[in-house]
Amino acid sequence: MLIAGGGSTYTAGIVVMLLEAMEEFPVRKIKFYDNDEERQRKVAEACAIIIKERAPEVEFGYTTDPKEAFSDVDFVMAQLRVGKYAMREQDEKIPLKHGVVGQETCGPGGIAYGLRSIGPIIEMVDYMEKYSPDAWMLNYSNPAAIVAEGTRRLRPNSRIINICDMPICLEDIMARVIGLKNRKDMEVRYYGLNHFGWWTNIQDHAGNDLMPKIKAHIAKQGYTEDTQAGQHKEASWLEAMRAGKELLEIEPKYLSNTYLKYYLMADETVLHSDKNYTRANEIIDGREKDVFEECQRIVSNQTAKDTSIHSSEHASFIVDLAKALTFNTKERMLLITQNNGAIENFDSEAMVEIPCIVGKNGFEPLSMGKIPTFQKGLMEQQIASEKLAVEGYIEGSYQKVWQAITMNKTVPSAKVAKDILDDLIEANKEFWPVLK
């Protein structure tokens with residue numbers, strides 16, 4: 001098992017999850033790979049202690065060498081953040097400077113992040129195919145929609161599965177607020193694009209409709225919850241969760257992914273944003289600081305006893321996917337895949353997020369039938385923006401990236417799009433291809 005992006009703030013939680021799941025998903029070796037040696041070392045030294053204490057039989061190592069990293073692995077868990085939080089801060093603050101939503105995966109910020117991410121993901125796919133050609137890459141690097149379109153265009157036959165944990169997080173919240181243990185007590189139907197979708201049906205295993213109870217909660221307080229799991233969240237996160245209430249008013253038949261707030265409530269989002277202190281700053285001062293301080297504490301004490309590092313939805317979904325591919329469990333999971341008619345009245349080449357049945361040979365998308373005009377129209381505009389962004393990356397086309405930003409629903413005009421693009425080019429010159 002290779003975790004690519006070993007210096008991530010999520011890495012230690014993934015390691016804990018892997019160790020907790022050893023009985024059902026035994027792991028013989030865990031490796032980290034990152035191009036930031038110092039950042040990775042801080043996390044890796046703490047994880048070495050966690051592994052030694054909890055599962056000493058598991059081999060562990062970390063490296064910046066691609067051959068060493070990608071050789072002899074069955075799975076690559078990819079979680080890149082190209083440019084780290086410093087560039088996320090730019091993704092958020094540059095659009096806000098122009099009165100446009102500043103968010104890491106939505107709007108111009110998402111496009112900027114996507115253009116940074118495509119190349120490194122393709123590089124890692126090539127390493128995997130060279131050194132472990134039978135391995136699967138489980139990619140949850142953001143922005144997943146643009147990365148998925150990039151891999152579809154540039155490596156169409158690769159063994160990469162693009163996933164996102166946001167629907168899983170929301171499903172766990174839904175389950176808790178109606179008194180279920182977790183999301184696995186529910187069976188869902190969902191369609192859309194990544195960070196751009198709707199739940200159309202949620203039942204328990206006995207076939208009882210759970211949508212009315214969930215809607216009743218969301219109508220009162222959005223996706224916020226009065227449980228321990230719902231506490232200690234950043235202000236911007238809670239604001240997005242509360243937006244579920246307004247999104248239900250806009251679309252009362254289905255349940256909306258909270259990220260639709262950035263497209264359907266863009267003016268309110270900008271109005272309530274702090275242009276000088278965005279979510280990137282919250283995470284730098286919060287989760288990132290906390291994780292690295294805890295890693296340092298573990299190393300200093302040479303024990304992980306009483307550690308605050310725990311597994312999460314983010315990690316459990318990945319382990320479930322790896323188990324399904326290894327043991328042919330035929331589990332139903334939300335994945336990002338080429339449409340190919342699964343949504344009957346939508347672009348067959350679009351990378352959509354829908355339920356799939358996962359087994360040892362990969363996955364099979366479920367048919368979603370035809371979708372309504374409102375959802376179809378929104379999705380067509382968004383997929384056009386994403387495709388233009390990827391074409392702009394491949395062709396080095398300023399015009400197409402400008403069109404991609406113009407097409408995005410968060411942006412009011414072509415002039416504003418051009419002003420944002422010019423600022424993003426300056427900020428991303430170390431990472432983007434040259435656009436002409």
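Below, each value reflects all heavy atoms present in this structure, side chains not excepted, and no hydrogens, waters or symmetry copies. Keep in mind that this is a model prediction, so the values were computed, not measured.
- Atom CD in Q40 sits 11.0 Å away from atom CD in E45 (nearest 0.5 Å).
- Under the side-chain hydrogen bond (donor to acceptor under 3.5 Å, both in side chains) criterion, Q90 pairs with no residue, sequence neighbours left out.
- Ring planes of Y262 and Y259: tilted class, angle from 30 to 60°.
- A donor-acceptor contact closer than 3.5 angstrom is absent between the side chains of Y10 and Q79.
- K305 contributes no side-chain N or O that, together with a main-chain N or O of E53, makes up a donor-acceptor pair within less than 3.5 Å.
- The salt bridge (charged side-chain N to carboxylate O under 4.0 Å, His left out) search around D285 returns none, not counting sequence neighbours.
- If you take CE on M124 and CG on L2, they are separated by 8.0 Å, rounding to the nearest 0.5 Å.
- Using a cutoff of 4.0 Å between basic side-chain nitrogens and carboxylate oxygens, D72 and K29 are scored as salt-bridged.
- Side-chain atoms of S348 do not come within 3.5 Å of backbone N or O of N339 as any donor-acceptor pair.
- Under a 3.5 Å cut-off, the side chain of K93 and the backbone N or O of K275 do not form any donor-acceptor pair.
- With sequence neighbours excluded, no residue satisfies ring pair (Phe, Tyr, Trp, His ring centres under 6.0 Å) with Y85.
- Taking a cutoff of 4.0 Å between a charged side-chain nitrogen and a carboxylate oxygen, E288 and K84 do not qualify as a salt bridge.
- Here E293 contributes atom CD and I298 contributes atom CD1; the two are 12.5 Å apart, rounded to the nearest 0.5 Å.
- Residues I202 and L255 approach most closely at CD1-CD1, 3.9 Å, considering heavy atoms.
- Partners of K184 according to the side-chain hydrogen bond (donor to acceptor under 3.5 Å, both in side chains) rule, which considers only residues two or more places apart in sequence or in another chain, are D320.
- With sequence neighbours excluded, the residues forming a ring pair (Phe, Tyr, Trp, His ring centres under 6.0 Å) with Y190 are W199, listed by chain and number.
- R297 meets the side-chain contact (heavy atoms from CB on, under 4.5 Å) test with E294, N301, T307; sequence neighbours excluded.
- The structure places CG of L435 at 11.0 Å from CD of Q399, a figure rounded to the nearest 0.5 Å.
- Annotation: side-chain contact (heavy atoms from CB on, under 4.5 Å) contacts of A112 (sequence neighbours excluded): D91, R116, L424, N428, W432.
- By the ring pair (Phe, Tyr, Trp, His ring centres under 6.0 Å) test, Y223 is found to be paired with no residue, residues two or more places apart in sequence or in another chain being considered.
- Y127 is linked by a ring pair (Phe, Tyr, Trp, His ring centres under 6.0 Å) to F70, counting only residues two or more places apart in sequence or in another chain.
- With sequence neighbours left out, N162 forms a side-chain contact (heavy atoms from CB on, under 4.5 Å) with N139, V147, A148, T151, I160, I336.
- Between the side chain of K370 and the backbone N or O of E344 there is no donor-acceptor pair closer than 3.5 Å.
- Contacts classified as ring-ring contact (aromatic ring centres under 6.0 Å, His included) and involving residues 41-65 (residues at least two apart or in different chains) are given here: F32-F60.
- Using a 4.0 Å cut-off between charged nitrogen and carboxylate oxygen, K418 and D422 count as a salt-bridge pair.
- How far CZ of R54 is from CD of E20: 6.5 Å, rounded to the nearest 0.5 Å.
- Applying the side-chain contact (heavy atoms from CB on, under 4.5 Å) rule to K330 yields the partners N328, I357; only residues at least two apart in sequence or on another chain are considered.
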